[in-house]
S.K.: 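Structure provided below as structure tokens; questions to follow.
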There are 2 protein chains.
Amino acid sequence: MGDATLNEWETKNELASKRIQELLRILSKSKMLHVIYVFGTIKDGLRFSEIKKSSQTDSTTLTRRLSELEDIGIIERKELSKNSTAVEYHVTNSFDIVKPILNSLLHYGLKEKN
Amino acid sequence: MGDATLNEWETKNELASKRIQELLRILSKSKMLHVIYVFGTIKDGLRFSEIKKSSQTDSTTLTRRLSELEDIGIIERKELSKNSTAVEYHVTNSFDIVKPILNSLLHYGLKEKN
DNA sequence: CAGTATCCTTGAAGATACTG
DNA sequence: CAGTATCTTCAAGGATACTG
């Protein structure tokens, strides 16, 4: 952690702190990592039922997680056609910004304690 | 995110998932980032009162955050001498493992939406 | 100085049941 | 298929007061 960058964060950019806090709050929710990893690994353009199955999340929780990811602009919800129930979820460009964080977390997770 | 690594995480290493989840839960707690940044920026070997002042955290919350960081082995608490109230907090080697995550988060925070 | 104890309120999780 | 609604439970936060 470079001092300049941190000064920037701490004193100049209070907004950054808010965004980071918010992202952490959202990432730490139950099943969130599982849901994100489905987007990262399987493919783009996923159906609700596919995500549900792959992430092993129930409808209620999955709905919550998806709308939270939508809120911070990491995924997009698209109805495939009018008057149909078909829906697809896509990742956005912002998903790439989050990837390094997930990779770092992965390394942390796989590393043995000391 | 490479597929191999993810397979490893998802199917082989359930423990990693637990550790990541736990780390996220802890990092997302209130004032946690502020506390960690104090350790990252100021120096090693900090007094309770220094951390309290720099992070702008009240005693109750700071005590909670410090013991959580201690629990996951990121910092260590050292009493400076017997029968004194002086205490110092130090970062451990594990602190380095967390740094990349903090840097990634920082980049996310400083980046504009889209 | 470095905390602890207590209370109160809010927010998230998980289960179950229901729907156009 | 893709959700919504409701309810109960439990964890976390913040404020205030107290202590060796």
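Here the structure is a predicted model, which means the values were calculated and not measured. Letters go in sequence order (proteins before strands), and every chain restarts at 1.
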S.K.: Find the distance Ile75(A):CD1 to dA2(D):P and express it as a whole number of Å.
M.R.: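 These atoms are roughly 13 Å apart.
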S.K.: Whether the side chain of Arg25(A) and the base of dG11(C) hold a donor-acceptor pair under 3.5 Å is what I'd like checked.
M.R.: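 Under the 3.5 Å cut-off, the side chain and the base do not form any donor-acceptor pair.
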S.K.: Would you say Arg77(A) places a side-chain N or O within less than 4.0 Å of OP1 or OP2 belonging to dA2(D)?
M.R.: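 Checking Arg77(A) against dA2(D): no side-chain N or O falls below 4.0 Å of OP1 or OP2.
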S.K.: From CG of Leu66(B) over to P of dC1(C), roughly how many Å is that when rounded to an integer?
M.R.: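 Between P of dC1(C) and CG of Leu66(B): 15 Å.
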S.K.: If you only use heavy atoms from C-beta on, which nucleotide in dC1(C), dT16(D), dG14(C) is closest to the side chain of Arg47(B)?
M.R.: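 Given the options dC1(C), dT16(D), dG14(C), the side chain of Arg47(B) is closest to dC1(C).
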S.K.: Looking at the side chain of Ser30(B), which of dG13(D), dA2(D), dA2(C) is the nearest nucleotide?
M.R.: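 Side chain of Ser30(B) sits closest to dG13(D).
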S.K.: For a quick test of reading the model: is some side-chain N or O of Arg64(A) closer than 4.0 Å to OP1 or OP2 of dG14(C)?
M.R.: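 Indeed not, no polar side-chain atom of Arg64(A) lies that close.
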S.K.: Would you mind reporting whether Arg77(B) and Val87(B) have side-chain heavy atoms less than 4.5 Å apart?
M.R.: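 They are in side-chain contact.
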S.K.: In whole angstroms, how far is the C1' atom of dT6(C) from the CG atom of Asp58(B)?
M.R.: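 Atom CG in Asp58(B) sits about 14 Å away from atom C1' in dT6(C).
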S.K.: What is the distance, rounded to the nearest whole Å, between atom CZ of Arg65(B) and atom C1' of dT4(C)?
M.R.: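 To the nearest whole Å, that distance equals 15 Å.
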S.K.: Quick check on dG3(D): is either OP1 or OP2 less than 4.0 Å from any side-chain nitrogen or oxygen of Tyr89(A)?
M.R.: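 Yes, within the criterion.
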S.K.: Let me know the distance between NZ of Lys53(A) and C1' of dC1(D), rounded to the nearest Å.
M.R.: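 Rounded to the whole Å, the gap is 15 Å.
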S.K.: When all nucleic acid strands are considered with a 4.0 Å heavy-atom cut-off, which category describes Ser59(A): base, sugar-phosphate, or nothing?
M.R.: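 Base, at least one base heavy atom under 4.0 Å.
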S.K.: Taking for each residue the nucleotide of DNA chain C with the nearest heavy atom, is it Thr63(B) or Ser28(A) whose nucleotide lies nearer the 5' end?
M.R.: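 The residue closer to the strand's 5' end, by nearest nucleotide, is Thr63(B).
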S.K.: Go ahead and write out DNA chain D as dot-bracket, 5' to 3': ( ) for pairs within the strand, [ ] for ones crossing earlier pairs, | when the partner sits on another strand, dots for unpaired; Watson-Crick or G-U wobble, both distances under 3.5 Å.
M.R.: ||||||||||||||||||||
S.K.: Grab the CD-P distance between Gln56(B) and dA15(D) for me, whole Å please.
M.R.: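 Spelled out: CD on Gln56(B) to P on dA15(D) is 13 Å.
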S.K.: Would you indicate whether the side-chain heavy atoms of Lys52(B) and Thr57(B) approach each other to under 4.5 Å?
M.R.: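 Contact flag for Thr57(B)/Lys52(B) side chains = no.
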S.K.: Is atom CD of Glu70(B) surrounded by more than 12 heavy atoms (other residues, nucleotides or ligands) closer than 6.0 Å?
M.R.: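 Yes, the 6.0 Å shell around CD holds more than 12 heavy atoms from other groups.
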S.K.: Answer yes or no: side-chain N or O of Thr60(B) and base N or O of dA5(C) forming a donor-acceptor pair under 3.5 Å.
M.R.: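 In this structure, the two groups form a donor-acceptor pair.
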S.K.: Does Arg19(A) qualify as a cation-pi partner of Tyr108(B), given the criterion of NZ or CZ under 6.0 Å from the six-membered ring centre and within 45 degrees of its axis?
M.R.: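 Cation-pi check for Arg19(A) and Tyr108(B): passes.
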S.K.: Does the side chain of Glu88(A) reach to within under 4.5 Å of the side chain of Leu46(A), using non-hydrogen atoms?
M.R.: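 No, every pair of side-chain atoms sits at 4.5 Å or beyond.
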S.K.: Rounded to the nearest angstrom, tell me the gap between atom CG in Leu62(A) and atom P in dT16(C).
M.R.: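 Those two atoms, CG and P, are 18 Å apart.
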S.K.: Can you measure Glu88(B) atom CD to dC1(C) atom C1' for me and round it to whole angstrom units?
M.R.: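 Rounded to whole Å, this separation is 13 Å.
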S.K.: Can you say whether the rings of Phe48(A) and Tyr89(A) are parallel (under 30°), tilted (30 to 60°) or perpendicular (over 60°)?
M.R.: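 Tilted: the ring planes of Phe48(A) and Tyr89(A) meet at 30° to 60°.
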S.K.: How far does CG of Leu33(A) sit from CZ of Arg65(A), to the nearest 0.5 angstrom?
M.R.: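 If I round to the nearest 0.5 Å, the distance is 11.0 Å.
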S.K.: With a non-hydrogen cut-off below 4.0 angstrom, is Lys29(B) in contact with a base, only sugar-phosphate, or nothing?
M.R.: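 Counting heavy atoms under 4.0 Å across all strands, the contact made by Lys29(B) is with sugar-phosphate only.
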S.K.: Hey, does Ser49(A) reach any base, or is it just sugar-phosphate, or nothing, if we go heavy atoms under 4.0 Å?
M.R.: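 Touches sugar-phosphate only.
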S.K.: Under 3.5 Å, side chain of Ser54(B) to main-chain N/O of Ile51(B), donor-acceptor pair present?
M.R.: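 Not confirmed, Ser54(B) side chain does not pair with Ile51(B) backbone.
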